[in-house]
Every structure is written in C-alpha cells, then in structure tokens.
There are 2 protein chains.
Amino acid sequence: MATLQTLDRGLKALRQIAVSADGLRVNDIADFLSVDRAIAYRLVATLEANGMVQKAPDGRIVLGAAIMDFEGRFAGHVRAVAQPCLQRLAALTGATAFLALAEQDECVAVSVAEPQDMLLRVSYRVGSRHPLNLGAAGIAILAGRPFAAGEDEQVTKARASGYCVTRGALQPGAVGVACPIPSQPQGRTQLDACVGVVAMQNLDVDNALPHVLQAAADLSAQLLR
Amino acid sequence: MATLQTLDRGLKALRQIAVSADGLRVNDIADFLSVDRAIAYRLVATLEANGMVQKAPDGRIVLGAAIMDFEGRFAGHVRAVAQPCLQRLAALTGATAFLALAEQDECVAVSVAEPQDMLLRVSYRVGSRHPLNLGAAGIAILAGRPFAAGEDEQVTKARASGYCVTRGALQPGAVGVACPIPSQPQGRTQLDACVGVVAMQNLDVDNALPHVLQAAADLSAQLLR
DNA sequence: TACTTTTTGTGCGATAATAGTAAATTGCCC
DNA sequence: GGGCAATTTACTATTATCGCACAAAAAGTA
C-alpha cells in the first residue's frame with residue numbers, strides 16, 4: 001500500500017507532540033524522525049498553518065486549537081459503534097453493560113446499556129469518571145497496556161487472565177467484570193478501552209465472563225479495522 | 001513560510017473527515033481537495049497507516065483509534081494555560097471564574113478558579129456539562145460562532161454585544177456572565193470556548209464585565225498565537 | 001562591548017518523491 | 001457471465017521535497 005513520506009512524517013511528528021508532556025522543540029522533532037532540521041521546520045510550519053500546533057513563546061511546539069475538531073469525536077464514534085454490542089451484552093448477562101475509555105489517569109464511561117427486563121438495575125452514568133486504578137473497568141484498561149513497573153498486582157493478574165472481577169470497589173455491593181479491548185493481530189493501534197458489566201451481588205460471573213470477552217473481541221474488530 | 005503540499009492536503013483531509021457526521025468516501029476527499037482520486041487514495045492510505053482514520057466496512061472513512069492520543073490533550077493544555085488567568089479573574093470579581101469548551105452540543109467546564117477570600121462561593125465543578133443553549137457559558141460559545149439561522153435571540157444579542165448575562169438559568173439565584181474567546185486578527189482558528197464568572201445574586205455585573213472581557217482577550221492571545 | 005554558541009529560519013540545485021494518466025484488478029449487482 | 005463502480009497498480013514526466021550550506025537573530029559569556 002502506497003504511503004506518502006511527507007504526510008507520514010508530519011503525522012508522526014504531530015502525534016509525538018501530542019503525547020509529549022510540555023511540547024517539543026524543532027530539534028526534538030528532527031531527532032525523532034531522523035531528518036534534517038530544515039525538514040522539521042517545514043513540517044512544523046505546515047502543521048502550524050493548519051492550526052494543529054502552535055509555538056509557545058519560548059519556542060516549544062504544542063498542540064493548537066484545530067485539535068478541538070477532534071476532541072470527543074472519536075469517543076463519539078466509539079459510542080455509536082458500541083451501542084448495539086452493549087445492548088446485546090446487557091441482554092445476555094442481565095447486567096448493565098458499559099464501554100469505558102482512559103482519559104489521562106481517569107476512566108470515563110463512554111457508552112452504557114441497561115438490561116430491559118430487570119426490575120432493579122445498576123446504572124452507570126455516561127461521562128462519569130473515576131481513577132484508573134479503581135474498579136474493574138480501570139484495572140482492565142491498565143491490563144490492556146504493556147507491563148509497567150510498580151503496577152498493582154491486580155493489573156498483572158488481569159493481564160494474564162484477560163479479565164478482571166472486582167466486588168464493591170466503586171460501590172458497596174456492586175460486582176464488576178471487565179476486560180480490555182484487545183488490539184487486532186495485524187493492527188498497531190491499541191485502544192486503551194475496556195468493556196464490562198456491572199451488577200448487584202447476584203451477578204453470575206461465570207455466565208457473564210464469556211459474553212464480556214466476546215463483546216471485547218467484537219468491538220476490537222469493529223473499532224480497530 | 002514554506003509549507004509542504006502533501007502534508008497540507010493530508011491534514012485538510014483529516015480535519016474534513018473529523019468534522020463530517022458519518023465519515024467521507026474517497027471521492028468526497030478528492031473533490032474537497034480538488035485532486036485526482038488516486039491522490040486521495042494515497043493520502044487515505046497514509047492516514048490509515050498511522051491509525052488516524054480507518055475504513056468502515058461500507059467504505060466510509062472515519063476517524064481511527066490514534067485520535068485517542070489527542071483526546072483531552074488540547075483541553076488539558078488549555079486548562080494549564082488558563083489557570084493563572086482564571087485565578088486573577090476570580091480575585092478581581094470575587095466570583096467563581098471558569099473556562100468552558102463546546103463538546104458536541106454540550107458545554108463542558110474545563111477549568112475553574114474560586115475566589116480565595118469569600119465566605120460563600122458558587123462552585124462550578126470541572127467536567128460538569130450542560131446543553132449549549134442553557135446558561136451564560138453555552139450562549140457565549142454559540143455567540144462566538146457564525147450566525148446560524150433559527151438561533152436563540154439571546155445568542156444574537158450576545159454576539160452583538162460580545163458578552164452574555166443570565167440569571168437563574170442553571171441554578172435559581174445564580175448569576176452568570178460569560179463571553180466568547182475571540183479569534184486572533186491574523187488567526188484562522190476559532191476556539192469554541194468561553195470565559196466567565198458565576199456567583200450569587202450579589203454579583204456586581206458592571207464591575208465584572210470588563211474583567212471578563214479582558215480575560216477573554218488574554219486567553220485568546222495565549223491560546224491562539 | 002565584543003565574541004561565542006544556540007536557536008531559528010531560508011535559498012537553491014539535485015534528485016527522489018509525488019502527481020496524474022491510464023490500465024488492471026476487485027467486488028458487486030443484475 | 002456481463003456491466004458497472006470502487007479500488008489499486010504501473011509508469012513516467014514533473015515538480016515538490018530534500019538536505020546541504022548559509023544567514024540572521026537570540027541568548028549566553030567574558
């Protein structure tokens with residue numbers, strides 16, 4: 001598949017700028033791409049002309065206002081794609097199904113489906129957030145990332161088993177089951193997201209688990225090409 | 001300043017894909033850029049290789065998972081830059097100062113500063129959101145956008161005057177003053193954001209207004225270099 | 001001040017990357 | 001299978017890009 005060198009370099013630079021804590025200098029970009037500084041200057045100039053980056057007064061290059069056009073947009077897409085899958089998951093497990101994304105060091109519920117035929121159900125508000133290291137959802141997301149030194153033992157265990165079960169972590173009496181959305185075999189992108197269900201103590205974990213894993217696989221296929 | 005044609009086209013395509021409701025087809029991109037379809041295919045292939053876009057099963061091109069690297073990042077930057085300015089604004093007005101961004105059709109509080117020396121203060125939780133057409137913040141953001149047919153009269157008025165005052169819109173007894181963050185003279189990017197203050201009924205609007213306007217101008221200069 | 005170093009930016013010719021044509025392949029609907 | 005659209009490849013002229021070298025400004029140093 002034919003790719004374009006100049007665009008490829010520009011996108012790699014842009015992403016590197018995005019993930020850097022306080023922006024990059026032109027030299028950093030040139031080093032990162034292993035290209036001459038002149039090229040980096042022209043890449044930056046083009047990114048800047050499109051509003052994707054801007055220069056801080058001290059010369060650091062940081063994200064620009066045009067990034068706003070992307071804020072929330074992928075999450076919105078994820079929500080739309082995930083909804084039918086979550087509804088199926090909720091119906092199969094009789095529990096509240098959710099898809100959550102990592103945002104900085106928090107876990108955000110992006111999409112939720114509640115079972116139709118239950119008298120009592122746990123509701124998990126879309127947009128609600130909690131620390132990543134709390135609850136099945138956050139732990140599952142961490143487990144989807146590469147091993148990090150000093151990580152919680154629960155995370156290591158969840159990475160090995162592919163899922164995570166917590167009881168009463170966020171709410172007394174609530175049981176959560178979640179697993180990370182795996183990356184695709186040929187894909188290079190990792191989603192930093194998880195699917196799961198949450199219910200009262202009566203949740204049948206053994207029944208729910210395979211459905212959650214299946215949902216994760218389905219979503220992976222749909223969201224990661 | 002020298003810009004790179006290939007990168008420029010790729011970025012324009014990417015942004016167009018982002019703002020489209022349900023993705024674009026290759027033909028749309030070719031038309032939009034006024035280039036041959038073969039070029040559009042190569043641009044898309046490069047964007048796709050970088051995970052910025054992906055092809056839906058039906059051929060539509062939508063944003064890809066790599067966009068996650070940008071989600072929340074610009075908002076985070078905005079928050080950091082805005083904080084000192086908001087603290088000043090809170091001190092000058094004795095009211096709670098906030099910066100809010102539009103996200104889809106909601107208004108999200110991104111950064112908040114409360115006055116130090118007040119016994120009672122209104123708190124405006126970071127991350128809280130409400131419909132854009134409700135409250136001074138949302139109306140100010142709408143007023144920062146170009147005129148839209150059928151928009152609320154309040155918005156039109158706010159666009160003309162450059163600010164918006166609401167009483168009891170979100171909470172009975174609360175007064176809000178907000179104004180859009182203007183675009184820079186030479187800039188082409190619009191921020192879709194607003195600054196403002198919110199307080200109890202005792203807010204001295206005549207005193208606060210110039211400070212709010214000044215804060216908006218300051219932030220515009222800092223965020224939209 | 002003068003001098004050095006770093007950072008930032010620009011001409012310009014050679015050349016490799018791209019554009020754009022046309023042709024081939026694939027997938028899909030009748 | 002045949003027709004049609006979507007997608008990909010092959011290929012060459014062209015031109016956009018590369019990357020050296022050079023310049024200007026800024027920041028540091030003595």
Side-chain angles (χ1 to χ4, degrees), chain A residues 1-17 20-64 184 186-188 221-222 224-225, chain B residues 1-17 20-64 184 186-188 221-222 224-225:
Chain A
M1 199 173 308
T3 59
L4 302 174
Q5 186 184 62
T6 308
L7 177 53
D8 193 67
R9 286 175 171 169
L11 294 174
K12 291 198 160 53
L14 180 59
R15 191 200 287 224
Q16 196 63 15
I17 291 163
S20 74
D22 317 293
L24 262 46
R25 279 172 291 123
V26 177
N27 267 324
D28 301 328
I29 295 170
D31 289 350
F32 173 69
L33 296 173
S34 308
V35 297
D36 192 90
R37 285 196 345 277
I39 299 174
Y41 273 106
R42 291 188 268 251
L43 291 170
V44 169
T46 310
L47 291 169
E48 192 180 17
N50 281 273
M52 308 294 285
V53 305
Q54 57 189 319
K55 290 202 188 134
D58 60 2
R60 290 183 355 262
I61 293 152
V62 298
L63 289 183
Q184 289 294 92
Q186 84 286 14
R188 337 107 286 266
Q222 286 179 72
L224 303 174
R225 187 175 15 133
Chain B
M1 201 168 305
T3 58
L4 303 174
Q5 183 185 65
T6 308
L7 177 55
D8 193 66
R9 286 174 171 171
L11 294 174
K12 291 198 160 53
L14 179 59
R15 191 201 288 226
Q16 197 64 14
I17 292 163
S20 74
D22 316 294
L24 261 47
R25 276 179 276 118
V26 177
N27 266 324
D28 301 329
I29 296 170
D31 289 350
F32 173 69
L33 296 173
S34 306
V35 297
D36 193 90
R37 286 206 321 286
I39 299 174
Y41 275 108
R42 291 189 273 251
L43 292 171
V44 169
T46 310
L47 291 169
E48 192 180 17
N50 281 273
M52 308 294 286
V53 305
Q54 56 190 319
K55 289 202 189 134
D58 60 1
R60 291 183 354 261
I61 293 152
V62 298
L63 289 182
Q184 289 295 93
Q186 84 287 10
R188 49 275 98 212
Q222 286 177 71
L224 304 173
R225 178 147 337 278

Write down the distance between [atom1] ([X]) and [atom2] ([N]), rounded to a whole number of angstrom.
{"X": "A/Asn27", "N": "C/dT5", "atom1": "CG", "atom2": "P", "result": "17 Å"}
{"X": "B/Glu48", "N": "D/dT8", "atom1": "CD", "atom2": "C1'", "result": "13 Å"}
{"X": "B/Ile61", "N": "D/dA6", "atom1": "CD1", "atom2": "P", "result": "12 Å"}
{"X": "A/Asp8", "N": "D/dC18", "atom1": "CG", "atom2": "C1'", "result": "16 Å"}
{"X": "A/Asp28", "N": "C/dT6", "atom1": "CG", "atom2": "C1'", "result": "14 Å"}
{"X": "A/Asp31", "N": "C/dT7", "atom1": "CG", "atom2": "P", "result": "11 Å"}

Using a cut-off of strictly less than 4.0 Å, decide whether B/Lys55 has a side-chain nitrogen or oxygen near OP1 or OP2 of D/dA6. no
OP1 or OP2 of D/dT8 less than 4.0 angstrom from a side-chain nitrogen or oxygen of B/Tyr41, does that happen here? no
Rounded to the nearest 0.5 Å, what separation is found between the CG atom of B/Asn50 and the CG atom of A/Leu7? 7.0 Å
Once you round to the nearest 0.5 Å, how far does CD1 of A/Ile61 lie from CD1 of A/Ile17? 5.5 Å
Got a sec, which residues hit side chain to side chain donor-acceptor pair (under 3.5 Å) with B/Asp22, two or more places apart in sequence or on another chain? none
side-chain contact (heavy atoms from CB on, under 4.5 Å) involving B/Asn27 - partner list, sequence neighbours excluded: B/Arg37
Test of understanding: with side-chain contact (heavy atoms from CB on, under 4.5 Å), list the residues that count as partners of B/Asp31, not counting sequence neighbours. none
Please, which pairs that meet salt bridge (Lys or Arg N to Asp or Glu O under 4.0 Å) have at least one residue in residues 2-12 of chain B, sequence neighbours excluded? B/Asp8-B/Lys12
Rounded to 10°, the angle between the first-five-pair and last-five-pair axes of the helix from C/dT1-D/dA30 to C/dC30-D/dG1 is 50°
Out of B/Ile39, B/Leu47, B/Leu24, B/Val53, which one pairs with B/Ile29 under the side-chain contact (heavy atoms from CB on, under 4.5 Å) rule? B/Leu24
Where protein sits on nucleotides 19-25 of chain C, one letter per nucleotide: B base, S sugar-phosphate only, - none, heavy atoms under 4.0 Å: BBB----
Whichever of A/Arg25 and A/Leu7 has its nearest DNA chain C nucleotide further upstream toward 5': A/Arg25
Checking side-chain contact (heavy atoms from CB on, under 4.5 Å) for the pair A/Leu33/A/Leu43: CA distance, chi angles, key distance, verdict? CA-CA 11 Å; A/Leu33 296 173; A/Leu43 291 170; 3.6 Å; yes
A/Ala49 and B/Thr3 have their tightest heavy-atom pair at CB-CG2, 4.1 Å
